[in-house]
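Note sheet for the following structure.
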Amino acid sequence: MKDTGRAARYAAMFAALGHEARVRIVRLLLAAHPDGLVAGEIQQEVGIPASTLSHHLDALETAGLIEQRREGRFLRYSAAAGGLRDLLGFLYAECCTRSALVSLSALKRTAATIGA
């Protein structure tokens, strides 16, 4: 992927996380990983109207940070491990390893720990 395409993709991911409710949703889904939660459970935990929740879930899914699957009448959401791993890898590889803040071997150990 071209550098400008990568930058745009990561900018969209950060933009999706640029709202307090969305950060709370992602953290909640990470805590419920790998099973995830149905929309009603998320709504109850976050305490926002269903229409607002739907908007936030759509933004996070479009950015590749969460995944949705249908279970009968319910929609179950879970953290998108691949998208989140990619975003974290970008932060470490592009920022920390250039300044030697985090060594490449530590980055590889972290990637192995989260299932890369």
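- When every heavy atom of L29 is checked against every heavy atom of Y77, the shortest pair comes out as CD2-O, 3.4 Å.
- Residues L37 and F74 do not share a hydrophobic cluster, defined by chaining ILVMFWY side chains whose heavy atoms lie under 4.5 Å apart.
- Residue pairs meeting the side chain to side chain donor-acceptor pair (under 3.5 Å) criterion with at least one partner in residues 30-50, sequence neighbours excluded, are absent.
- Between R22 and A15, the closest heavy-atom pair is NH1-O, 4.0 Å.
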Side chain to side chain contact (heavy atoms under 4.5 Å, CB included) evaluation trace for L65 with M13
CA-CA 7 Å; L65 299 171; M13 293 171 112; 3.6 Å; yes
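- Within the 4.5 Å cutoff, side-chain heavy atoms of L75 are placed close to those of R70.
- In the model, H19 has no side-chain atom that pairs as donor or acceptor with a side-chain atom of R24 under 3.5 Å.
- The hydrophobic clustering, which links ILVMFWY residues whose side-chain heavy atoms are closer than 4.5 Å, places L17 and I42 together.
- In terms of modelled atom types and a separation under 3.5 Å, the side chain of T62 and the main chain of D58 share a donor-acceptor contact.
- Looking at residues two or more places apart in sequence or on another chain, you find a salt bridge (charged side-chain N to carboxylate O under 4.0 Å, His left out) between E71 and R69, R76.
- Of all heavy-atom pairs spanning G64 and A80, the tightest one is O-CB, 3.4 Å.
- Tracing side-chain contacts under 4.5 Å through hydrophobic residues (I, L, V, M, F, W, Y), one never reaches I66 starting from V38; they form parts of separate clusters.
- Minimum interatomic distance between L53 and A39 (heavy atoms only, all atoms of both residues): CD2-O, 3.5 Å.
- Rounding to the nearest 0.5 angstrom, the gap separating the CD atom in E20 from the NE2 atom in H56 is 9.5 Å.
- Within the model, atoms CD1 of I25 and CG of L60 stand 6.0 Å from one another, a figure rounded to the nearest 0.5 Å.
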Let's go through F90 and R6 carefully: what are the C-alpha distance in whole Å and the side-chain angles of both, what is the deciding distance for side chain to side chain contact (heavy atoms under 4.5 Å, CB included) to 0.1 Å, and is it a yes or a no?
CA-CA 9 Å; F90 166 75; R6 287 183 56 185; 3.8 Å; yes
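- Annotation for A59 and A16: closest pair O-CB, 3.9 Å, computed over non-hydrogen atoms.
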